[in-house]
Each structure stands twice: as C-alpha cells, then as structure tokens.
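A short write-up of the structure that comes next.
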Amino acid sequence: MFVYADNAATTKISKKALEAMVSASEKYYGNPSSLHRVGQEAAEQLFHARERIAENINAKSPREIYFTSGGSEADNQAILSIAENGKKKGKNHIISSAFEHHAVLHTLKKLEKQGFEITLLDVHKNGIVDPAELEAAIKEETCLVTIMFANNEIGTIQPIREIGRICREKGIVFHTDAVQAAGHIPIDVQAMNIDLLSLSAHKFHGPKGVGALYCRNGILLHNLIEGGAQERSKRAGTENLPAILGMAEAFDEACNTMQKASEYVTNLRNRLIDGLSVIPHSVVNGDVENRLPGNVNMCFEGIEGESLLLLLDMKGIQASSGSACTSGSLDPSHVLLSIGLPHEVAHGSLRLTFSEENTMEEIEYIIKEVPQIVEYLRNMSPVWESLEKGEINHVI
C-alpha cells in the first residue's frame, strides 16, 4: 500500500487548480501590465484572483492582497516592512514565539543583528502561546507581534483572535504566518484583528512557488524586489498568472469544503492518535484537541526519527520527522525543543499529516506498521537496552 502522509510539507495539486493553470496558460498569456486587449484580459483575471483570495479571508478590499512566491517571501516582506516602519518611529522591539517557522525566526535573527530587540515567547508543553504572557512582554518600543496561526510541525492552533485583540488595543501591528492554517481552518482578518497575513498555495492543493501577503489598508509595505510597478509597486516582476489562478481556484475549493473536510480528517487524526498511543514510552506532541485537523506528531523514546522514516518509506508510508524546510539538518527540531522535550527524545519524532484524500484504510495500515518498526529499531538500540535495564531513566 502507498500512503502519502506528508501534507504539511506539500499537498497534491487539485484537478480544478491544475485545470485553471492550463486554461490560464492557453487563454490569458498576455502580460497583465500591457495596455492592449490581451494584456488587459490577463489583468482582469489577476484582479478576480485577488478578489477571491480577499473574500476567503474577509479582507475589506482586493487591494490588500499582494501576490508573492510563497509564504517565506510574504513573511520576510511583512516583518522587514514593519521593522523599518517602527525604526523610523524609534520602536525597535518585536515579539514572536520560540517555535515559529524559520522564515520568521531567521528574519528576526537578521533584525537582531541590526539592533532590534527580539522577545521569543515560550509555548510550553501544549505548544500554545499564552496571551497573558504576550501582553506582559509588550513595551513602549514594541512595533510588531508576529505569531503563527498554526504550527507547521505539531499543528497546534494559536489564540489568534485574542492576540489580535491585544495588539489592536495596544496599537501594535500584528502579523501571522497562516501558511499551515489557510484552507484548513476559518480565517477572518477583520474579526481577528490581523494586520498582515502570509499564505502559500501548495499547502491547500494549489501549485508550488506562489503565495500571498494580506496587508491591511494603511500599513506601509517596503519592497524586497525592486523593478517594475507590479503589485502596486510593492513586488516587482511579471505576475505568474497561471500559478495565481491555480492558487485562487484551490483556495476557493478548500474554503468551500472546509467544514466537511475538517470533520473527515479530524476523524482520521483521532483514530491514528488512539492507535499509536498504545506504543510504550510514546507521546503526542502538543495539545491533542487544539490542533490542525490532519496533524499527528509523536515521539517514540529510544529510536532515531531518520531510521523510522526510511523504514516507513520501505513500507510505502511517506512521512516526516519535522519541517520539510529543515529535513537536511541533523539537529533535533527547534519546535520540539521549545515545548520542553530533551534532545534524545526530540530525535525520535514522527509527523504524519493528512488531507481529505487519505482513507481510514490507510490509517489502519499505519497503525499496523509503525509499532512493528518502532519495536525493531528499539531492539537494535543500545540506548533502549540501557533504558530497559534501568541503567538510565525513561523520559517518556
């Protein structure tokens, strides 16, 4: 059996999104910046795509949507823009969390080298930011709060509405990386007081290499890419119209079917957690209930995650041990370390993420195979032998 259980890394493009891309390539091949009829037909389609993205997150205007190459670019532009705006006002303090995506953390590290003060909030064992701790961290110099909507590794959903309320009351700009959340859980940028939001198409069955940044009207964006006047002069380069239309189609589809898909995938998730939790000395990472519908992240003491992934792959199960963006690193996940797991346990992590295309039959297959592989790896491990003999203490 073949099971694709790595949807947090990327999803398979939907048929409707692919058809929209092919149609755009054939019918709307003009440059949207051109004044002739073919160019203006492309420009009209570009505007309609902007309208569709805006509507699905309840933005006030399509003009608040800027198309990017993906979530990482959107994160960078949002954070660097607000930092620059804050610097001009003498505000150089930014609040974020310890388990953000590296697109955020590395950008903050860059700003720290430029003299900005960065506060990274703890996320605790449940993997959730405490709004009271965030409010207590706010200073007179705070110019930005950037907290992800849902974590890309352990899937925990953050109290975005409460964080947005605090930021709006304090007059602080609030950005959220919603790459994992968009298309899977409801987003309302007005009700949640979100000022900037990043999303990426390939996380909700759209094409890779395209995303969007929502920026509330009245907030000044600064360019990452200089050149032409595309995206209202905030992102130079001819727009990738086929990819943008594919993203708009995929986002429409995901938002229109969200409730039904969420109920279905949550049922798969809960069955898998129940099935794998019987493995001795295992733990589910992050809050069990307040998490993305299709995310299961667990650690199994006494094994290495890389070995587990390779043996699962041999059984036809495609999974990961953390973020695909850091899969080449031998270091344990910063996300798992941030929720208090020791290095030796964090190394034995497994992330299984699902979409509505997965089946209960696939879940049962995973439940059958994972315990056997864990037992096989533990039987080979001198560390596990020491744990079982009591020479060292179990952590889980």
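Because the structure is predicted, anything quoted here is derived from the model rather than measured. For the numbers below, each heavy atom of this structure counts, side chains included, while hydrogens, waters and symmetry mates do not.
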### Query
Does anything in residues 175-195 pair up under salt bridge (charged side-chain N to carboxylate O under 4.0 Å, His left out), and if so which pairs, sequence neighbours excluded?
Arg168-Asp195, Asp195-Arg216

### Query
Where do Val210 and Met21 land on the side chain to side chain contact (heavy atoms under 4.5 Å, CB included) test, with the steps shown first?
CA-CA 12 Å; Val210 62; Met21 294 180 69; over 6 Å; no

Donor-acceptor check, side chain of [X] to backbone of [Y], threshold 3.5 angstrom: yes or no?
| X | Y | answer |
| --- | --- | --- |
| Ser386 | Pro382 | yes |
| Ser349 | Ser321 | yes |
| Thr11 | His202 | yes |
| Tyr214 | Ile53 | no |
| His334 | His102 | no |
| Lys203 | Ala9 | yes |
| Asp122 | His124 | no |
| Ser96 | Thr146 | yes |
| His101 | Ala103 | yes |
| Ser277 | Asp274 | no |

Crowding at [atom1], [X] (>12 non-hydrogen neighbours, <6.0 Å):
| X | atom1 | answer |
| --- | --- | --- |
| Glu361 | CD | no |
| Glu140 | CD | no |
| Glu55 | CD | no |
| Gln259 | CD | no |
| His343 | NE2 | no |

Can you tell me how far the [atom1] atom of [X] sits from the [atom2] atom of [Y], to the nearest 0.5 Å?
| X | Y | atom1 | atom2 | answer |
| --- | --- | --- | --- | --- |
| Met247 | Phe204 | CE | CZ | 6.0 Å |
| Leu352 | Tyr4 | CG | OH | 12.0 Å |
| Asn223 | Glu231 | CG | CD | 11.0 Å |
| Ile82 | Lys91 | CD1 | NZ | 13.0 Å |
| Asn295 | Thr353 | CG | OG1 | 6.5 Å |
| Leu120 | Glu112 | CG | CD | 8.0 Å |

Are side-chain heavy atoms of [X] and [Y] found at a separation under 4.5 Å?
| X | Y | value |
| --- | --- | --- |
| Ile154 | Leu336 | yes |
| Val335 | Asn285 | no |
| Arg235 | Tyr66 | no |
| Met148 | Gln180 | no |
| Asp313 | Leu309 | no |
| Ile138 | Ile166 | yes |
| Leu221 | Gln77 | yes |
| Arg271 | Ile367 | yes |

Are [Y] and [X] linked, directly or through intermediate hydrophobic residues, by side-chain heavy-atom contacts shorter than 4.5 Å (ILVMFWY only)?
| X | Y | result |
| --- | --- | --- |
| Ile185 | Val129 | yes |
| Ile94 | Ile163 | no |
| Leu144 | Leu108 | yes |
| Val123 | Val104 | no |
| Met298 | Val265 | yes |

### Query
Are Glu64 and Arg232 close enough, and set up right, to give a salt bridge (Lys or Arg N to Asp or Glu O under 4.0 Å), and what steps lead you there?
CA-CA 10 Å; Glu64 295 177 316; Arg232 294 178 302 290; over 6 Å; no

### Cys143 vs Lys89, side chain to side chain contact (heavy atoms under 4.5 Å, CB included): CA-CA, chis, key distance, verdict
CA-CA 9 Å; Cys143 62; Lys89 298 177 182 178; over 6 Å; no

## Note on the structure
Residues passing the side chain to side chain donor-acceptor pair (under 3.5 Å) test with Glu162, sequence neighbours excluded, are Arg165

### Task
With sequence neighbours left out, write down each residue that passes side chain to side chain donor-acceptor pair (under 3.5 Å) with Ser262, or none if nothing qualifies.
none

Would you please say whether a donor-acceptor pair under 3.5 Å links the side chains of [X] and [Y]?
| X | Y | answer |
| --- | --- | --- |
| Thr156 | Asp287 | no |
| Asn85 | His222 | yes |
| Gln45 | His48 | no |
| Ser198 | His175 | yes |

### Task
For side-chain hydrogen bond (donor to acceptor under 3.5 Å, both in side chains), just list the numbers for Thr266 and Glu263, CA-CA rounded to whole Å, side-chain angles, deciding distance to a tenth of an Å, and then say yes or no.
CA-CA 5 Å; Thr266 298; Glu263 291 173 358; over 6 Å; no

### Query
Is there a side chain to side chain contact (heavy atoms under 4.5 Å, CB included) between Lys208 and Thr10 once you walk through the steps?
CA-CA 8 Å; Lys208 298 175 182 65; Thr10 195; 3.4 Å; yes

Quick one: closest heavy-atom pair of [X] and [Y], and the distance?
| X | Y | answer |
| --- | --- | --- |
| Glu153 | Ser333 | OE1-OG, 2.5 Å |
| Ala150 | Ala181 | CB-CB, 4.3 Å |
| Ala54 | Ser61 | CB-O, 4.0 Å |
| Cys299 | Leu341 | SG-CD1, 3.7 Å |

### Task
Take Leu46 and Tyr28, measure what side chain to side chain contact (heavy atoms under 4.5 Å, CB included) needs, and give me the verdict at the end.
CA-CA 10 Å; Leu46 182 65; Tyr28 307 112; over 6 Å; no

What I want to find out is whether [X] reaches [Y] closely enough, with some N-O distance under 4.0 Å, to be called a salt bridge.
| X | Y | result |
| --- | --- | --- |
| Arg37 | Glu41 | yes |
| Arg378 | Glu388 | no |
| Glu249 | Arg52 | yes |
| Lys87 | Glu84 | no |

### Task
Determine the interplanar angle of the His281 and His394 rings, folded into 0 to 90°, and report it as parallel if under 30°, tilted if 30 to 60°, perpendicular if over 60°.
parallel

